[in-house]
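Everything on this sheet refers to the single structure shown next.
The residues of the chain are indexed from 1 along the displayed sequence. Read the numbers this way: they start at 1 and go in the same order the structure lists the ligands and their atoms.
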Amino acid sequence: MSTTIERLIKVLMFDVDGSIMPQGGPIHPAIAAFFRALSKLGLIMGPATGKNCDYGRGLACGIGVVWDFVAGESGARFIECVGKSGPPIYKQRVSQGASSDLSSFIKKIDYDLFGRGFSLRGQIEKFRPELKEGILTLFPPGRDLDVTLDWLSHFEDIIDTFGFQLKLQRFSDGCIDIVPEGISKQLGVQEVCRTYKCSPDQILVVVDGSNDIELTQGTLVIAVANAIPELKKIATAFEGYVSEKVDGAGFVEGILHFAESNKFDASINNKIKALCLATLKKLV
Ligand SMILES: [Mg+2]
């Protein structure tokens with residue numbers, strides 16, 4: 001006879017844009033206070049974001065916490081906080097990926113970081129960069145978000161022609177990520193398991209977008225109300241939670257659900273529950 005051991009949540013790992021705050025922010029002051037209180041309770045936590053690790057650290061400074069880790073660049077980079085007393089000290093790890101294809105891709109499009117241009121069928125196309133080390137992100141230079149639709153088909157052609165092991169993702173703000181195959185937020189989950197000696201089912205994730213799908217493999221999922229249908233389906237199928245509220249409020253609603261199911265350590269579970277209820281009142 002097999003017995004299922006119900007494991008408690010050890011780590012909170014959250015997507016940022018659209019999951020704990022509206023796309024592009026700002027974070028609600030009550031959500032910032034919620035994070036500070038969770039941090040005091042000793043819950044291990046950090047973001048799993050498509051943005052770089054410095055963005056994750058900056059977010060923590062604004063909130064007034066120190067994350068235990070940041071899984072940045074959709075899993076391509078991971079920093080672990082190894083000293084919290086005094087200025088935080090971080091150790092960086094580089095995830096594996098087919099980065100040589102990314103270097104080749106950059107050459108093929110005559111990518112010029114400092115000139116902020118690349119070659120599109122013989123013309124120089126302007127872009128806004130986001131500084132990253134393991135993936136490439138290009139934003140539209142102005143207000144016309146549709147300009148990147150043409151970039152997308154051009155990049156697809158190049159990747160097909162040269163057989164590069166790269167995948168493309170285009171987001172609602174027009175930005176395009178060019179990501180080595182093998183890089184995904186799942187690498188962040190693996191780093192968290194290694195670092196904190198836990199299994200994926202002890203990690204609670206908060207998600208909304210298409211680059212979060214790999215973050216849900218084996219983990220406990222909160223899909224906020226504005227999440228894509230695929231994530232809601234995953235949350236429903238694997239004992240996760242789909243919130244009624246959007247982004248930050250949905251995140252707190254999801255934490256409350258897991259506290260009501262006694263999924264946190266008994267020493268903090270009721271405190272988390274009370275904290276969620278108080279925070280939700282401030283969010284109406
Ligand atoms: Mg998101």
Exercise. What about Phe155 and Phe164, are their ring centers closer than 6.0 Å?
Worked result: no
Problem set entry | Aromatic Phe162 / basic Lys108 pairing, under 6.0 angstrom, 45° off normal | yes
Exercise. Under 6.0 Å from the CZ atom of Arg143, do we count more than 12 heavy atoms belonging to anything else shown?
Worked result: no
Problem set entry | Pairing residues for Phe78 by the ring pair (Phe, Tyr, Trp, His ring centres under 6.0 Å) criterion, not counting sequence neighbours | Phe69
What donor-acceptor contacts under 3.5 angstrom involve side-chain atoms of residues 237-250, with partners at least two apart or in another chain?
{"residue": "Tyr241", "atom": "OH", "partner": "Glu253", "partner atom": "OE2", "Å": "2.6"}
{"residue": "Ser243", "atom": "OG", "partner": "Ala225", "partner atom": "N", "Å": "3.0"}
{"residue": "Ser243", "atom": "OG", "partner": "Lys245", "partner atom": "O", "Å": "2.7"}

Problem set entry | ring pair (Phe, Tyr, Trp, His ring centres under 6.0 Å) partners for Phe258, two or more places apart | none
For this session: List nothing but the number: protein N/O/S atoms under 2.8 Å from the Mg ion (ligand 1).
Result: 3
